[in-house]
There are 2 protein chains.
Amino acid sequence: MTPDDFHLSSFLPYRLAVLSERVSRRLSVEYGRTHGLAVAEWRVLVHLLRCGAVSIRDIHNCVNLEKPRVSRAVSRLEAEGLVQKAQGDGDGRLVAISLTDAGRTALADIIPAATRIERHLTDAVSPQDLETFFRVMERMHAVLDDDPEAKPRTAMDLNQNANPISSPA
Amino acid sequence: MTPDDFHLSSFLPYRLAVLSERVSRRLSVEYGRTHGLAVAEWRVLVHLLRCGAVSIRDIHNCVNLEKPRVSRAVSRLEAEGLVQKAQGDGDGRLVAISLTDAGRTALADIIPAATRIERHLTDAVSPQDLETFFRVMERMHAVLDDDPEAKPRTAMDLNQNANPISSPA
DNA sequence: CATTCGTCGTTGCAAAAGCAACGAAAGTCA
DNA sequence: TGACTTTCGTTGCTTTTGCAACGACGAATG
């Protein structure tokens, strides 16, 4: 084995990390400057917009954030009035978290900007290439799904790109 | 603007972050368990393998790590005997960091494993698709290069995918 | 030379991440 | 019902991160 010519800049995990971090950072400039949000808060807000009143556990299972991180993000959002907590109906442990009007307003402001940034990125490539791009990402996820050493994918990330073969008939 | 149907799981920055983090984590299982290394240490070691005796600043400019992070990573590596510091020849400020034999031995152990993981991922897609995948990544980088709000790319990441047109004649 | 400016590496410090463990509230099974 | 297990959300605590500022050294300018 001759690893002497191992180049970091052509190493797939490194490349992924660099691009991902650069994109995330560019995005966080947007919602950071305008609303003082961090990545965790942003993900929580977006998830709530789709799913209404949900528990911490549910958020954790959907947006790829550790449980304590979700808990603290929700606390911050609550302190800023973008989110409200309520006791779960049946289960006394569950907390029903939902957007406030202020939260919805903030999202209505941020989401267009976020979408615009995304479009800038995607408009630079052809639809076919973009489709290939996402397909490759999904294939890599599938490889990791079969790897016992890799962390499992969240339910939501799995369903998003569900394999048609494994769908119920 | 109707952002009501904004899906996090189909949002490009989120997807990138999730895949990148999953891959990085899988990789760090490898060099973490075997040699107790973190991402920063891993990047520093790999860079040293290619570039010999270099300064903190040079590492910082090449492997996408903040300067203090490089400094501390080097300290840790030095404490473990994988790296050695020497006074720079001409400039008294510069520190010449280089691999020790133990560092080279560690790399000789880790790099094959890392390459194997990378190959698992890339073998799952066709060479054409993989080529498209990297080309799309490069296009997105190019978009960010033109965005004044985005952090500039490191010199090394730029040269890696240098645009032939802008090469000196 | 002396002074000013820029650069190098390090350190301080406040914020965040990750992990384990906790109390509280179901669920389970006798 | 009572003991045991599991799950939920939170909190402690240690390590890490990121940013700014610092001292040390060199280069540039007068």
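Side chains included, hydrogens not; waters and symmetry mates left out as well; all remaining heavy atoms used. Quick caveat: nothing in here was measured; it's all calculated off a predicted structure.
- Looking at heavy atoms from C-beta onward, B/V39 lies in side-chain contact with B/Y31 at the 4.5 angstrom threshold.
- Within the 4.0 Å cut-off from OP1 or OP2 of D/dT11, not a single side-chain nitrogen or oxygen of A/S71 is found.
- In this structure, A/G92 and A/R69 both approach DNA chain C, and ranking their closest nucleotides by distance from the 5' end singles out A/R69.
- Rounded to an integer number of Å, the gap from CZ of B/R57 to P of D/dC25 is 19 Å.
- Interface limits on DNA chain C: the 5'-most and 3'-most nucleotides within less than 4.0 Å of chain B heavy atoms are C/dG6 to C/dC19.
- Residue A/D91 contributes atom CG, which lies 8 Å from atom P of D/dG9 at whole-angstrom precision.
- The CG-P distance, from B/L94 to D/dA24, rounds to 17 Å in whole Å.
- The distance between atom NZ of B/K151 and atom C1' of D/dG18, rounded to the nearest whole Å, is 11 Å.
- If you take NZ of B/K67 and C1' of D/dG18, they are 13 Å apart, rounded to a whole angstrom.
- B/R153 places no side-chain N or O within donor-acceptor distance of the main-chain N or O of B/D145, the cut-off being under 3.5 Å.
- Rounded to whole angstrom, the span from the CZ atom of A/R93 across to the C1' atom of D/dT5 amounts to 11 Å.
- B/R15 forms a cation-pi arrangement with A/F134, by the criterion of a distance under 6.0 Å to the ring centre and an angle within 45° of the ring axis.
- For the pair B/H60 NE2 and D/dC19 P, the computed distance is 11 Å after rounding to whole Å.
- Using a cut-off of 4.0 Å between Lys/Arg side-chain N and Asp/Glu carboxylate O, B/E41 and B/R69 are scored as not salt-bridged.
- Looking at A/E80 and A/R76, no side-chain N of the basic residue comes within less than 4.0 Å of a carboxylate O on the acidic one, giving no salt bridge.
- Between B/R33 and A/E149 there is a salt bridge, with a side-chain nitrogen of the basic residue lying less than 4.0 Å from a carboxylate oxygen of the acidic one.
- No engagement by B/S75 is indicated, since no non-hydrogen atom pair under 4.0 Å with the nucleic acid exists.
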